[in-house]
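Structure record follows, encoded as structure tokens.
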Amino acid sequence: MKLSFVIPVYNEEDSLEQLYQEILANIGSNNYEIIFVDDGSSDKSFQIMKKLAEKDQSVKVIRFRRNFGKAAGLQAGFDVCTGDYVFTMDADLQDNPLEIKNFITKLEEGYDLVSGWKQKRHDPISKTVPSKIFNYVTVRTFKLKLHDYNCGFKLYSRELVKELEIYGEMHRYIPALAHAKGFRVGEIPVKHRARQFGKSKYGIERYLRGFFDLLTVKVVTDYIRTPLYLFGSMGMFSFTAGFLIGLYLSVMKIFYGHPLSNRPLLFLAVLLITVGVQFFSIGLLGELIVNQTRKVNKKKNISISERINLDE
Ligand code: UDP
Ligand code: MG
């Protein structure tokens, strides 16, 4: 069995050597590769990783020209990894490699993704409170019950990893993306450690950006094939509201002789009807685009089916 470790690194010079040793101490007799993705570090991280790679053939390093964010780092690792099972871990030693075998046991119960749950978190309150809110909203949005979407420590099946396409701050929603593609997602509690070296790269501003990605992921998971469901229902709602207001105004005018010239409500009716028609048209355009791309992608699209003994 070959294990891949994909580890995004942004200025973590003090942790890397120890992390490498701890991973090696916990993989048992499995084959392994460790893929460090240097996300534009400005400290000595790259030199340290390079040294590790020179000593150990199984260590690989990808270096970004600038800081692209954790999701881009993970994706670069996913693209090149060759293991049967793929771990992602943070580079700051907060995730404890002692858990490796527990992850494997859980995955082998029949999951494609096992996500860590930092049951007892060792982070400041400025992180734990936003994280609680984030998890609550995410569970509500995607209807996949997890305690901790955003734990960096996860184990993936190879198939799932090769299906993912993440960017921005989308790493937080990987369980939701996997769930929407029909993969089985589970979680196990993991021991979490306080950050020993360096400092956290995530403040409140990244959470804000994360909420835009929530929207992206929601649209991508639920409506990518059927944009008219989304825009059509918004359009229908707006149009109907406008139509009813217009109807009311017409009745008042025709049967009771109320003049329309001094009714601001008339503007609202016109606005709602116009916007409604526009939403509807956007949905239809979306359908046309999806239809075209579907034809192009048809050959590549293995996400919806499993093919057994079927050569491409
Ligand atoms: N990281 C990265 N690029 C970034 C920010 C973070 O590769 O732009 C890495 C970082 O080096 C660490 C992991 O992502 O390995 C998690 O970051 P951090 O520990 O700062 O997040 P926290 O644990 O505080 O949520
Ligand atoms: Mg951390």
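For ligands, and for the atoms within them, numbers begin at 1 and follow the listed sequence. For this chain, numbers begin at 1 and follow the sequence in order. None of these values were measured; they are calculated from a predicted model.
In summary, the atoms of ligand 1 found under 4.0 Å from a heavy atom of N67, numbered by their order in the structure, are 3 (N), 4 (C), 8 (O). In summary, the atoms of ligand 1 found under 4.0 Å from a heavy atom of A91, numbered by their order in the structure, are 12 (C), 15 (O). The contact set between ligand 1 and V9, taken as ligand atoms under 4.0 Å from a residue heavy atom, comprises 7 (O), 11 (O). Of all atoms in ligand 1, listed by their number and element, those nearer than 4.0 Å to a heavy atom of Q94 are 19 (O), 23 (O).
With H192 contributing its side chain and H122 its backbone, the two residues share a donor-acceptor pair below 3.5 Å. Listed for the N67 side chain is a donor-acceptor partner under 3.5 Å among the backbone atoms of D39. Here the side chain of E187 pairs no donor or acceptor atom with the backbone of V114 at under 3.5 angstrom.
Ion pairing between a basic and an acidic side chain is recognised when a charged N comes within 4.0 Å of a carboxylate O; D84 and K2 show no such pairing. Using a 4.0 Å cut-off between charged side-chain N and carboxylate O, E169 and R172 make a salt bridge.
Annotation: cation-pi geometry not satisfied between R225 and Y223 (NZ/CZ under 6.0 angstrom from ring centroid, within 45° of ring axis). The cationic group of R184 lies under 6.0 Å from the six-membered ring centre of Y111 and within 45° of the ring axis, placing it in a cation-pi geometry.
Of all protein heavy atoms, the one closest to atom 9 (C) of ligand 1 is P8 O, 3.7 Å. For atom 18 (P) of ligand 1, the closest non-hydrogen atom on the protein side is R195 NH2, 3.5 Å. Of all protein heavy atoms, the one lying nearest to atom 14 (O) of ligand 1 is K70 CD, 3.4 Å. With respect to atom 3 (N) of ligand 1, the closest heavy atom belonging to the protein is D39 OD2, 2.6 Å. Protein heavy atom at the shortest distance from atom 1 (N) of ligand 1 is Y10 CB, 3.8 Å.
Side-chain atoms of S4 and E33 form a donor-acceptor pair, as typed in the model, at a separation below 3.5 Å. Looking at D56 and Y20, their side chains do bring a donor and an acceptor atom within 3.5 Å of each other.
Nearest-heavy-atom check against atom 10 (C) of ligand 1 across K201, H122, E12 picks out E12.
The closest approach of D92 to the Mg ion (ligand 2), by N/O/S atoms, is made by OD2.
Residue-to-ligand polar distances keep K199 apart from ligand 1: every N/O pair is separated by 3.5 Å or more.
Under a 4.0 Å heavy-atom criterion, G152 is not in contact with ligand 1.
Not one N, O or S atom of Y202 sits under 2.8 Å from the Mg ion (ligand 2).
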